[in-house]
Amino acid sequence: GDAAGARDQFAALLPIIEWVQGPDHPETLTTRNQLAYWTGSAGDAAGARDQFAALLPIIERVQGPDHPETLTTRHNLARWTGVAGDAASAHNQFAGLLPVRERVLGPEHPSTLATRHNLARWAGQTGDAAEVRDQFVALLRIRERVEGPEHPSTLATRHNAARWTGKAGDAAGARDQFAALLPIRERVQGPGHPETLITRHNLARWTGEAGDAAGARDQLAALLPIIERVQGPDHPDTLITRHELARWTGQVENTAPSAS
């Protein structure tokens with residue numbers, strides 16, 4: 001999609017809606033919410049954070065602190081705070097939001113589970129890897145039961161459980177979890193979906209970290225032309241894949257026996 005185009009359309013629509021409906025009308029607030037979201041999606045995380053921060057007290061006053069739209073705005077403010085570089089503040093905001101969503105929406109509502117997911121995510125930037133792994137594993141069991149084992153949100157939590165398994169020191173466990181996740185992503189989301197390609201990348205990475213540098217190299221060599229075709233040669237994911245391919249190629253060459 002065209003995030004910048006969506007941002008520009010909402011930016012053009014907002015003053016018209018404000019003039020016709022008034023600055024506090026729900027449709028005006030929804031438009032401001034969408035403008036902030038697409039501002040962040042277009043690459044301006046700090047701008048999205050600031051827009052959500054300005055919008056939140058208005059939504060709290062107009063719709064109440066426990067209204068679902070107010071809670072969604074709090075969620076988005078926390079998210080873009082983290083993406084803008086303040087992981088600790090994002091974690092604290094999600095920690096404050098979670099009990100409210102549990103009380104208002106219920107502990108297993110999809111929005112509550114999304115907040116739990118983000119709380120674990122930002123804890124990973126500031127806390128203990130094993131604790132973060134355990135949070136994702138606990139959340140995964142709930143999401144599999146509530147949303148289904150192949151729901152995109154469940155697959156995202158499986159991905160993070162695998163990732164933090166590796167970061168907690170179990171490279172072989174991470175490798176095996178990504179190996180189990182990959183065929184599901186390929187079937188559910190398609191072999192060329194960006195999330196599938198990220199899973200392939202992580203499988204290669206943890207294959208290497210588990211001691212198989214040649215396996216990591218070969219997987220990344222097979223992945224690189226696909227990422228270049230799907231994402232483009234200059235996309236950050238493509239550049240990371242090229243870097244990792246060079247890294248593991250170097251590891252193989254450094255460990256190869258020298259010719260006598």
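Heads up: numbering here begins at 1 and tracks the sequence. Both backbone and side-chain heavy atoms feed into the values below; hydrogens, waters and symmetry mates do not.
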Would you give the length of the straight line joining atom [atom1] of [X] to atom [atom2] of [Y], rounded to the nearest 0.5 angstrom?
X	Y	atom1	atom2	value
His117	Thr154	NE2	OG1	10.5 Å
Glu228	Asp237	CD	CG	12.5 Å
Thr28	Ile58	OG1	CD1	10.0 Å
Leu35	Ile17	CG	CD1	12.0 Å
Thr39	Asp44	OG1	CG	6.5 Å

Where do Ser111 and His75 land on the side-chain hydrogen bond (donor to acceptor under 3.5 Å, both in side chains) test, with the steps shown first? CA-CA 9 Å; Ser111 295; His75 181 102; over 6 Å; no
Looking at every non-hydrogen atom in both residues, tell me the closest pair between [X] and [Y] and how far apart they are.
X	Y	value
Leu113	Pro107	CD2-O, 3.6 Å
Gln125	Ala87	CB-CB, 3.5 Å
Trp248	Gly208	CH2-C, 3.3 Å

Applying a strict under-4.5 Å side-chain criterion to I, L, V, M, F, W and Y, I'd like to know whether Leu14 and Trp38 cluster together.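 Yes; tracing contacts between hydrophobic side chains, which count when under 4.5 Å, links both residues.
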Report yes or no: do Val146 and Val104 belong to one cluster of Ile/Leu/Val/Met/Phe/Trp/Tyr joined by side chain heavy-atom distances under 4.5 Å? no
Scan His201, Arg205, Arg200 and name whichever one has a side chain to side chain donor-acceptor pair (under 3.5 Å) with Thr241. His201
Is the shortest side-chain N to carboxylate O distance from [X] to [Y] below 4.0 Å?
X	Y	result
Arg32	Glu18	no
Arg141	Glu144	no
Arg175	Glu209	no

Would you say the side chains of Asn33 and Thr72 form a donor-acceptor pair under 3.5 Å?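 Their side chains do not contain a donor-acceptor pair, so the 3.5 Å distance test is not met.
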Check whether more than 12 heavy atoms from other residues, nucleotides or ligands sit under 6.0 Å from atom CZ of Arg242, and answer yes or no.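 Check fails, neighbour count at 12 or below.
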A quick test of your reading: do over 12 heavy atoms of other residues, nucleotides or ligands sit less than 6.0 Å from NE2 of His235? yes
Which is it for Phe136 and His159 under the ring-ring contact (aromatic ring centres under 6.0 Å, His included) test, yes or no, and what are the steps along the way? CA-CA 9 Å; Phe136 277 119; His159 181 102; 9.7 Å; no
Are Glu69 and Gln63 close enough, and set up right, to give a side-chain hydrogen bond (donor to acceptor under 3.5 Å, both in side chains), and what steps lead you there? CA-CA 8 Å; Glu69 290 298 325; Gln63 297 184 308; over 6 Å; no
Please check: side-chain N/O of Thr238 versus main-chain N/O of Gly232, any donor-acceptor pairing under 3.5 Å?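 A pair under 3.5 Å: yes.
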